[in-house]
Amino acid sequence: AALAAIVRAGHRLVVTHGNGPQVGLLALQAAAGPADGQYPLDVLGAESEGMIGYLIATALRNALPEHPLVATLLTQAVVEADDPAFQAPTKPIGPVYDEATARRRAAERGWAVARDGAHWRRVVPSPKPKEILEGREIAFLAGGGSIVICAGGGGIPVVRDSAGQLAGVEAVVDKDQIRRAPV
């Protein structure tokens with residue numbers, strides 16, 4: 001309702017969202033299944049970005065039936081393979097645990113864990129985004145009057161190799177850093 005009021009007041013809207021708990025739960029679900037069912041964090045980030053984007057788009061369409069232009073866009077954030085974050089994971093994902101459970105899960109699954117307030121959580125690398133690959137598409141859609149839902153969870157982290165080819169990485173991008181990344 002609050003976002004609908006902003007649109008009705010004549011403003012353009014680009015929406016982003018977090019996904020830490022959701023991507024962490026998807027990782028737990030994948031780990032509980034067969035060994036070939038485990039997906040890397042970039043794939044789980046894409047899954048959660050699409051899922052949450054779908055839910056936001058549906059809510060906006062229901063709140064704004066007069067505004068048919070709503071687009072959810074999976075968004076890739078280019079990061080550097082040598083970003084120091086890969087050596088010191090700090091970004092919490094997934095559910096909270098007491099310290100003993102967190103340390104046990106870390107030992108069982110090879111996780112890094114850290115205190116998060118009164119609880120403990122799994123932590124993963126959170127490299128700084130250097131570029132938003134879909135920046136021009138976001139600008140095009142928003143400029144044409146679409147409400148754009150993008151960069152969920154900070155975007156899907158990818159690196160470029162020496163040939164310029166893209167590949168996902170085991171990390172998450174902090175959504176607060178996206179606004180500083182060039183498009």
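Quantities reported herein were computed from a predicted structural model and do not represent experimental measurements.
Scanning for side chain to side chain donor-acceptor pair (under 3.5 Å) contacts around R160 gives E131, with sequence neighbours left out. For A107, there are no side chain to side chain contact (heavy atoms under 4.5 Å, CB included) partners, not counting sequence neighbours. Residues satisfying the side chain to side chain donor-acceptor pair (under 3.5 Å) criterion with R109, sequence neighbours excluded, are absent altogether. With sequence neighbours left out, the side chain to side chain contact (heavy atoms under 4.5 Å, CB included) criterion links E47 to L26, L44. With sequence neighbours left out, R61 forms a salt bridge (Lys or Arg N to Asp or Glu O under 4.0 Å) with no residue at all. Looking at residues two or more places apart in sequence or on another chain, you find a side chain to side chain donor-acceptor pair (under 3.5 Å) between T101 and D98. Evaluation of the side chain to side chain contact (heavy atoms under 4.5 Å, CB included) rule for N62 yields T58 as partners, not counting sequence neighbours. Among residues two or more places apart in sequence or in another chain, the side chain to side chain donor-acceptor pair (under 3.5 Å) test is passed with E170 by none. Residues meeting the side chain to side chain contact (heavy atoms under 4.5 Å, CB included) test with D42, sequence neighbours left out: P40, I156, P157.
Within the structure, salt bridge (Lys or Arg N to Asp or Glu O under 4.0 Å) pairs that include any residue of residues 112-126 comprise D116-R121 (at least two apart or interchain).
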Using a 3.5 Å cut-off and no angle test, enumerate the donor-acceptor pairs between side-chain atoms of residues 68-89 and protein atoms at least two apart in sequence or in another chain.
| from | atom 1 | to | atom 2 | distance (Å) |
| --- | --- | --- | --- | --- |
| T72 | OG1 | G53 | O | 3.1 |
| T75 | OG1 | E49 | OE2 | 3.3 |
| T75 | OG1 | L73 | O | 2.8 |
| T75 | OG1 | A151 | N | 2.9 |
| Q76 | NE2 | E134 | OE2 | 2.9 |
| D83 | OD1 | A85 | N | 2.8 |
| D83 | OD2 | K128 | N | 3.0 |

List, one per line, each side-chain donor-acceptor pair under 3.5 Å for residues 3-13, sequence neighbours excluded.
| from | atom 1 | to | atom 2 | distance (Å) |
| --- | --- | --- | --- | --- |
| R8 | NE | E66 | OE2 | 2.9 |
| R8 | NH2 | A63 | O | 2.6 |
| R8 | NH2 | E66 | OE2 | 3.4 |

